[in-house]
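Residue indices begin at 1 and follow the sequence shown. Counting convention: from 1, in listed order, for ligands and their atoms alike.
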Amino acid sequence: MTQLKDLASLDSAVRQAVADVTISDIHTHLFSPSHGKLLLWGVDEMLTYHYMVAELFTMNPGDLTIEAFWKLPKRAQADLVWEHVFLKHGALSEACRGVVTTLNVLGLDVAGRDLAGIRKWVDAQNVDDYLAKVFGIANLDYAVMTNNPFKPEEVACWDKDLPVPVSLKTALRIDDLLVNWPAAAKVMRQAGYKTTAKCDPAARKEAKRFILDWVSRIEPVYMAASLGPDFGYPSDSDSAKVLDDVLIPVAIERSLPIALMMGVKKRMNPALGDGGDGVGVADVDAAANLCATYGDAKFICTMLSRVNQHELCVAARKFGNLHVEGCWWFCNSPSIIDEMTRMRLEMLGTAFTCQHSDARVLDQLIYKWAHMREIVANVLAEKFADLFTAGWRPTPDEVTRDIRAIFGGSFEAFLAK
Ligand code: HDL
Ligand code: ZN
């Protein structure tokens, strides 16, 4: 194909390719519609997303306490968020803008503030069709779920062998195993594995058998855990022993990456539930040491603190078995995404995944990806223009290839390594 010969055609080729690219969403909290209540969708779920609940309590919702809020039915909770966060204040946060974008793209009357009419429309949807519709609008080929074998309500769904659409892939979430051995050991024991409360070698052998069984059962794309700022490796902690004797051997035997999501300060304000987690600066050396120690294992890594992002990029340049991804949670904010995406392109080329949606509510796929496309189009248009000015002449196919790379292509290449 012919090369792009002027800056204007390059600019429109880049913007068009970002608008058209099919995205692989490599981390969400979505579930199969067959898993019933586990899959959240609709306007009331969006309004009560934990980001919104946290915002509600940054405002002054009169004498409402968080304890009283949790006792209300979902719709009443959503009403309170609508009233205080949207109507009584400027809904300027990224999460609020996200609700507005989503409803607007769905053709609903958000400008008219017609929450009752929107709810009526949502109530008339069929969840299977709605999933296909949302995936179509966001233009995703698939989304990776978060499947936790330590949660009884999730295990119950797998026990029933319910159908899962091909557009949803699995990821095995193993936080408890890594950071709360006694709780994990109890669950494994109840499932028939000989795991004792003490994390000794025999118990770790059984834990490996548990993980291998789950890997065979749900065939995950990767195993994943979120870790606190205090996570270190090497160390004489149970976490390090579980990594050495359970997770790394499974990762190597089954060629499965381990996703390290680092820097979460769990339950900084427990009353807020999921919205009560905070951020701390993680130890990039812990991830780098794992990559260096286990050259034949693969690691995917995202970090929550903005402070960690530069050091993480440097680490990814040292280790081919480290794949950097996503502007996670408190980094999923336009100004930070802009900065992180520029930095990653400048340091890693296209060998990273620019974002995961982290959607907990199906509808959120619409805004998370619409907003992301907008930011990435601007950043990439500038980066390609800089390259053009330096003398390089890309073809439209190369532009399309490079854009797909950061929206899922590089991730798939990493999995295939
Ligand atoms: O641990 C995780 O996967 C996080 O994404 C948390 O679930 C968090 O509550 C979240 O939804 N962040 O966006
Ligand atoms: Zn998540």
Side-chain angles (χ1 to χ4, degrees), residues 24-31 38-41 45-57 70 93-99 102 143-151 153-154 168-180 184 220-231 239 257-280 282 287 300-306 308 324-334 336-337 340 353-369 371-372 411:
S24 308
D25 190 344
I26 70 170
H27 170 62
T28 74
H29 296 267
L30 303 177
F31 291 92
L38 293 179
L39 172 62
L40 305 181
W41 60 285
E45 295 295 353
M46 279 200 291
L47 288 173
T48 54
Y49 184 33
H50 65 72
Y51 293 32
M52 308 298 304
V53 176
E55 279 184 40
L56 170 65
F57 286 96
W70 290 128
S93 73
E94 175 61 7
C96 288
R97 182 170 73 112
V99 174
T102 304
V144 180
M145 303 180 282
T146 295
N147 306 100
N148 190 334
F150 297 98
K151 281 198 173 159
E153 64 275 25
E154 293 191 32
L168 289 171
K169 297 194 184 211
T170 54
L172 192 66
R173 188 69 180 240
I174 35 88
D175 293 33
D176 276 0
L177 191 61
L178 261 182
V179 298
N180 191 354
V221 178
Y222 55 78
M223 299 180 279
S226 74
L227 300 160
D230 55 344
F231 172 76
S239 306
I258 299 177
L260 307 166
M261 309 176 73
M262 297 172 68
V264 192
K265 275 193 185 159
K266 289 270 179 207
R267 301 304 187 245
M268 200 174 212
N269 179 356
L272 281 171
D274 288 331
D277 292 352
V279 58
I300 296 166
C301 195
T302 195
M303 292 199 176
L304 197 50
S305 172
R306 181 182 175 201
N308 279 132
V324 170
E325 66 91 13
C327 302
W328 182 26
W329 197 348
F330 307 118
C331 286
N332 185 10
S333 164
I336 301 178
I337 296 172
M340 281 171 65
T353 302
C354 64
Q355 187 56 307
H356 59 242
S357 75
D358 221 343
R360 276 181 180 261
V361 182
L362 174 61
D363 321 43
Q364 292 170 337
L365 292 175
I366 296 175
Y367 93 77
K368 299 236 189 193
W369 288 115
H371 292 185
M372 189 65 194
F411 175 73

**Student:** Assess the residue pair Lys266 and Asp274 against the criterion (salt bridge (Lys or Arg N to Asp or Glu O under 4.0 Å)); give the C-alpha distance rounded to whole Å, side-chain angles, the decisive distance to 0.1 Å, and a yes or no.
**Tutor:** CA-CA 9 Å; Lys266 289 270 179 207; Asp274 288 331; over 6 Å; no
**Student:** What are the protein N, O or S atoms, given as residue plus atom name, that sit under 2.8 Å from the Zn ion (ligand 2)?
**Tutor:** His27 NE2, His29 NE2, Asp358 OD1
**Student:** Can you report which non-hydrogen protein atom sits closest to atom 7 (O) of ligand 1, along with the distance?
**Tutor:** Arg360 NH2, 2.5 Å
**Student:** Using a 4.0 Å cutoff against the non-hydrogen atoms of Tyr51, which atoms of ligand 1 qualify?
**Tutor:** 12 (N), 13 (O)
**Student:** Look up atom NE2 in His371 and atom OG in Ser357, then write down how far apart they are to the nearest 0.5 Å.
**Tutor:** 13.0 Å
**Student:** Both conditions, 6.0 Å and 45 degrees, for the charged tip of Lys368 above the ring of Tyr51: are they met here?
**Tutor:** yes
**Student:** Nearest to atom 1 (O) of ligand 1, what protein heavy atom do you find, and at what distance?
**Tutor:** Arg173 NH2, 2.6 Å
**Student:** Side-chain contact test, heavy atoms from C-beta onward, threshold under 4.5 Å: evaluate it for Ile258 versus Leu260 and give yes or no.
**Tutor:** yes
**Student:** Given Asp358, Thr28, Thr302, which has its nearest heavy atom closest to atom 5 (O) of ligand 1?
**Tutor:** Asp358
**Student:** Using a distance-only test with no angle check, is there a side-chain donor-acceptor pair under 3.5 angstrom linking Asp277 and Trp329?
**Tutor:** no
**Student:** If you measure from CG on Asp176 to CZ on Phe150, what distance do you get to the nearest 0.5 Å?
**Tutor:** 6.0 Å
**Student:** Relative to the heavy atoms of His50, which atoms of ligand 1 are at a distance of less than 4.0 Å?
**Tutor:** 8 (C), 9 (O), 10 (C), 11 (O)
**Student:** Taking side chain as C-beta onward, heavy atoms only, is Phe231 less than 4.5 Å from Ser239?
**Tutor:** yes
**Student:** Enumerate the atoms of ligand 1 whose separation from the nearest heavy atom of Met261 is less than 4.0 angstrom.
**Tutor:** 3 (O)
**Student:** Angle class for the His29/His27 ring planes (parallel below 30°, perpendicular above 60°, tilted otherwise)?
**Tutor:** perpendicular
**Student:** Looking only at N/O atoms, are His29 and ligand 1 under 3.5 Å apart anywhere?
**Tutor:** yes
**Student:** Could you list which atoms of ligand 1 come closer than 4.0 Å to a heavy atom of His27?
**Tutor:** 3 (O), 5 (O)
**Student:** Starting from the C-alpha separation in whole Å, work towards a yes-or-no answer on side chain to side chain contact (heavy atoms under 4.5 Å, CB included) for Met303 and Cys331.
**Tutor:** CA-CA 9 Å; Met303 292 199 176; Cys331 286; over 6 Å; no
**Student:** For Cys96, does its backbone N or O pair with a side-chain atom of Ser93 as donor and acceptor, under 3.5 Å?
**Tutor:** yes
**Student:** Is His356 close to Val144 at the side-chain level, that is, under 4.5 Å between some pair of heavy atoms?
**Tutor:** no
**Student:** Among all protein heavy atoms, pick the one closest to atom 4 (C) of ligand 1 and tell me residue, atom and distance.
**Tutor:** Trp328 NE1, 3.6 Å
**Student:** Counting only heavy atoms, which portion of Lys368 has something under 4.0 Å from ligand 1: side chain, backbone, both, or neither?
**Tutor:** neither
